Each structure stands twice: as C-alpha cells, then as structure tokens.
Enquirer: 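The structure is given below, and queries will be raised subsequently.
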Amino acid sequence: MKSVNDKEAWAEAVLMSATKLEKQKLPSGTYAKILSKIHLRKAERTPLRWVQAAAAVFLCLISLEIYLTQYIPEESSAEFVELIPENNNSLYDE
Amino acid sequence: MEDRQHIKDLQKGNEKALQFLYEQYAEGIYNTILGFVKSQEDAEELLQDVFVIVYDKAADFNFESAVNTWMYRIAVNKSLDFLRKKKAQKRFGIFTSIYRKDESEVRSELVEVVHPGIQQEQKEEAQLLFKLIDGLSEKQKVAFTLTQIEGRTQEEVAKIMDTSRKAVESLVKRAKENLKKSLINHYPERGKMQINTSKKI
C-alpha cells in the first residue's frame with residue numbers, strides 16, 4: 001500500500017513533466033502552403049466581385065425606376081398626357 | 001512597433017509583411033497549437049489556417065492589442081474549435097462507423113495522439129497527463145497549457161485570454177489542483193493506463 005505522500009509526489013512529478021516537453025521545429029514548406037491557400041482564396045473571390053458589381057448595377061436600375069415612377073413632377077407627366085387624346089378610344093380607323 | 005508596420009503593409013496587400021510575421025512567430029504559434037492538438041499534422045494545418053486568417057483579417061485589426069497577442073488568440077481559438085470538433089466526432093464515431101464501409105478509417109481517427117515533444121521515458125505519464133488536461137474546462141485548459149506547457153508568463157496569457165493576471169493565476173491553480181486530484185485517483189492503475197477520462201473535471 002503506497003502512502004499518500006508517495007501518490008502526491010508522483011502526481012507532482014507527472015505535473016512537472018508537462019514543463020519538460022521538447023519544442024518542435026516548423027515543418028518545411030509550410031509558408032509556401034499558406035501562400036498557395038491565400039492565392040486560391042483570392043482566385044475564388046474574383047467571380048464574387050463581378051456578381052457584386054452586377055447586383056449593384058441592378059440595384060441602381062431599380063432605384064432609377066422607382067424614382068421615375070414615384071417622384072416625377074406632375075407637370076412633366078401632363079406633357080405625356082397631352083400626347084394621348086382622351087376623346088379618342090378607337091384603336092383602328094374605321 | 002515593427003509588427004504594427006507589418007500589419008499596415010499587410011492591409012495594403014503586401015505579402016512580404018506576412019513573411020516577416022511568419023518568420024518571427026510561426027514556430028511559437030506552431031508549438032502552442034501542438035500543446036493543444038498534439039498531432040504534428042493537425043498543428044501544421046491549423047498553423048496554415050492561422051496565417052490565412054491573419055492575412056484576411058489584417059484589414060480589421062484595430063491596433064488595440066499587440067500583434068503577437070492577436071495572432072496567439074487566433075491560434076488558441078482555432079485549436080479549441082478543432083478540439084471541439086474532434087470531441088464531437090469521437091462522440092458520434094460509433095454511430096457513423098455503422099454507415100461506413102471501411103472501419104479502419106474510423107479506428108484511425110479515434111487513436112490517441114501523443115505530443116511529439118514527450119521524452120520516451122516519460123511517455124506513459126505524459127500521455128495520462130494530456131488525457132486529463134483534455135478533461136479540464138476550456139479556460140483551465142488554455143491557462144494551464146499556455147503557462148505550464150508553453151512556459152508563457154501569466155501576464156502574456158492574460159492578454160491572450162483577454163482577462164486579468166489574477167484570473168489566470170486562479171485558473172492555473174484550479175487546473176493544477178484538479179489534475180493532481182485526478183492523477184492521485186489514477187495512481188493505483190499505473191502500468192495499466194486504461195483510464196476513462198471522458199468525464200469533465
């Protein structure tokens with residue numbers, strides 16, 4: 001039967017073993033792998049930029065459409081009305 | 001001061017700045033990751049991820065903390081994420097093995113990894129200690145690994161963990177107490193090393 005002191009001493013020794021680990025050297029070629037990962041991600045991102053640009057243009061067109069339909073002054077819309085005679089509903093000459 | 005310039009250069013997309021940071025910190029970060037994950041292969045993969053994140057997130061770096069503290073924080077978070085995923089994989093390993101054709105594939109994933117820095121004569125004890133460290137709470141694990149295994153000062157660890165030095169001191173103390181208790185409990189089993197450490201300490 002081991003004494004409590006023996007157990008404690010052993011536990012302390014095991015705890016101390018954590019401080020005696022040998023430091024490891026870096027594996028060779030790791031930096032090249034990092035750079036290739038970065039370049040790969042860059043290449044993957046480029047088409048996304050085009051998608052973003054297309055979305056921005058689309059958004060601008062929608063905004064312009066809303067502006068033209070909602071905020072166009074009444075005077076200028078009246079100019080269009082004048083072009084269409086109200087008293088003539090016939091589509092074809094009889 | 002130089003590190004901050006490297007980050008500023010990195011923000012402009014200068015890859016050379018990343019190389020400077022790599023040459024200065026990669027080995028330390030690699031050993032820190034190794035302290036958590038133990039496998040050289042996984043540590044190398046995570047080290048690569050850390051530097052990719054550094055490159056990607058350099059633009060968001062706000063210079064409130066030191067550059068190396070920020071980099072070590074990324075490394076610790078990546079290591080903890082990896083351990084969480086590995087734990088979940090282990091938990092469901094038995095279930096997934098039912099659906100897999102190649103059982104050896106599963107078995108190889110569940111094999112315990114030994115830290116490459118463990119000296120041969122201490123292998124059994126160190127392996128037991130690492131198993132018990134895995135059972136610690138995350139905060140205790142980080143504080144113990146960084147101070148005891150990595151040999152970092154409590155001040156450094158406090159910055160990495162974004163907490164006070166007192167808090168780190170207390171975490172290390174509790175981690176040591178928990179580990180000591182568990183080690184004493186395992187003392188009679190020395191030589192057998194068939195220990196169930198899945199329970200959180």
Side-chain angles (χ1 to χ4, degrees), chain A residues 1-68 70-71, chain B residues 13 15 18-19 22-23 26-35 38 40-41 43-45 47-56 115-119 121-130 132-133 144-145 147-151 175-177 179-188 190:
Chain A
M1 187 75 187
K2 298 283 177 183
S3 70
V4 176
N5 282 346
D6 279 352
K7 286 182 180 181
E8 283 200 358
W10 174 76
E12 283 285 352
V14 176
L15 272 176
M16 282 302 290
S17 71
T19 60
K20 292 171 190 160
L21 292 177
E22 278 173 28
K23 295 283 175 209
Q24 300 298 300
K25 290 265 170 230
L26 272 176
S28 57
T30 309
Y31 187 67
K33 287 177 192 168
I34 292 167
L35 280 186
S36 77
K37 270 190 182 181
I38 288 170
H39 295 153
L40 194 74
R41 285 163 72 97
K42 267 186 185 172
E44 281 170 359
R45 265 182 216 161
T46 315
L48 192 70
R49 281 197 190 143
W50 284 108
V51 172
Q52 284 170 340
V57 169
F58 190 67
L59 202 71
C60 284
L61 287 172
I62 288 177
S63 310
L64 187 69
E65 169 74 11
I66 292 168
Y67 173 76
L68 287 174
Q70 298 287 312
Y71 303 105
Chain B
E15 280 175 10
L18 188 74
Q19 195 178 344
Y22 179 83
E23 281 164 7
E27 198 162 300
I29 292 172
Y30 175 66
N31 276 287
T32 297
I33 297 171
L34 208 49
K38 277 112 52 195
Q40 282 172 301
E41 226 171 83
E44 192 195 347
E45 192 69 33
L47 177 73
Q48 290 170 24
D49 290 348
V50 167
F51 276 89
V52 171
I53 293 172
V54 167
Y55 183 83
D56 280 348
H115 191 293
I118 294 173
Q119 282 152 12
E121 64 270 20
Q122 303 168 326
K123 209 165 188 172
E124 252 180 291
E125 280 90 354
Q127 211 170 336
L128 165 64
L129 180 63
F130 272 109
L132 297 174
I133 291 169
F144 183 85
T145 305
T147 56
Q148 306 301 299
I149 298 175
E150 282 306 302
K176 276 186 178 175
E177 282 168 3
L179 289 171
K180 206 171 165 184
K181 254 187 242 168
S182 302
L183 282 167
I184 288 170
N185 287 340
H186 288 116
Y187 184 81
R190 263 181 89 188

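Computed from a predicted model, the values in this text were never measured in an experiment.
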Enquirer: Is B/Leu34 in contact with chain A via its backbone, its side chain, both, or neither, using a 4.5 Å heavy-atom distance?
Expert: side chain

Enquirer: If I take atom CG from residue A/Leu35 and atom OH from residue B/Tyr55, how far apart are they, to the nearest 0.5 angstrom?
Expert: 9.0 Å

Enquirer: Heavy-atom distances under 4.5 Å only: say whether B/Glu45 touches chain A with side chain, backbone, both or neither.
Expert: both

Enquirer: So does A/Lys23 have more than 12 non-hydrogen atoms from other groups sitting under 6.0 Å from NZ?
Expert: yes

Enquirer: Looking at NZ of A/Lys20 and CD1 of B/Ile149, how far apart are the two atoms once the value is rounded to the nearest 0.5 Å?
Expert: 13.5 Å

Enquirer: Any side-chain heavy-atom pair from B/Asp49 and A/Lys37 closer than 4.5 angstrom?
Expert: yes

Enquirer: Using every non-hydrogen atom in the two residues, find where A/Ala11 and B/Ile184 come nearest and quote the distance to one decimal.
Expert: CB-CG1, 4.0 Å

Enquirer: When rounded to the nearest 0.5 angstrom, what distance separates OG in A/Ser28 from CD in B/Glu44?
Expert: 8.0 Å

Enquirer: How many angstroms lie between OH in B/Tyr22 and OG1 in A/Thr30, if you round to the nearest 0.5 Å?
Expert: 4.0 Å

Enquirer: Which bit of B/Glu150 comes within less than 4.5 Å of chain A, counting heavy atoms only: side chain, backbone, both or neither?
Expert: both

Enquirer: Looking at every non-hydrogen atom in both residues, tell me the closest pair between A/Leu15 and B/Phe144 and how far apart they are.
Expert: CD2-CZ, 3.9 Å

Enquirer: Among A/Val14, A/Ile38, A/Ile34, A/Leu26, which residue has the highest count of heavy-atom pairs closer than 4.5 Å to chain B?
Expert: A/Leu26

Enquirer: Is A/Tyr31 reaching over with its side chain to a backbone N or O of B/Gln19, donor-acceptor style, under 3.5 angstrom?
Expert: yes

Enquirer: Could A/Lys42 and B/Glu15 be called an ion pair, given the rule that one side-chain N must be under 4.0 Å from one carboxylate O?
Expert: yes

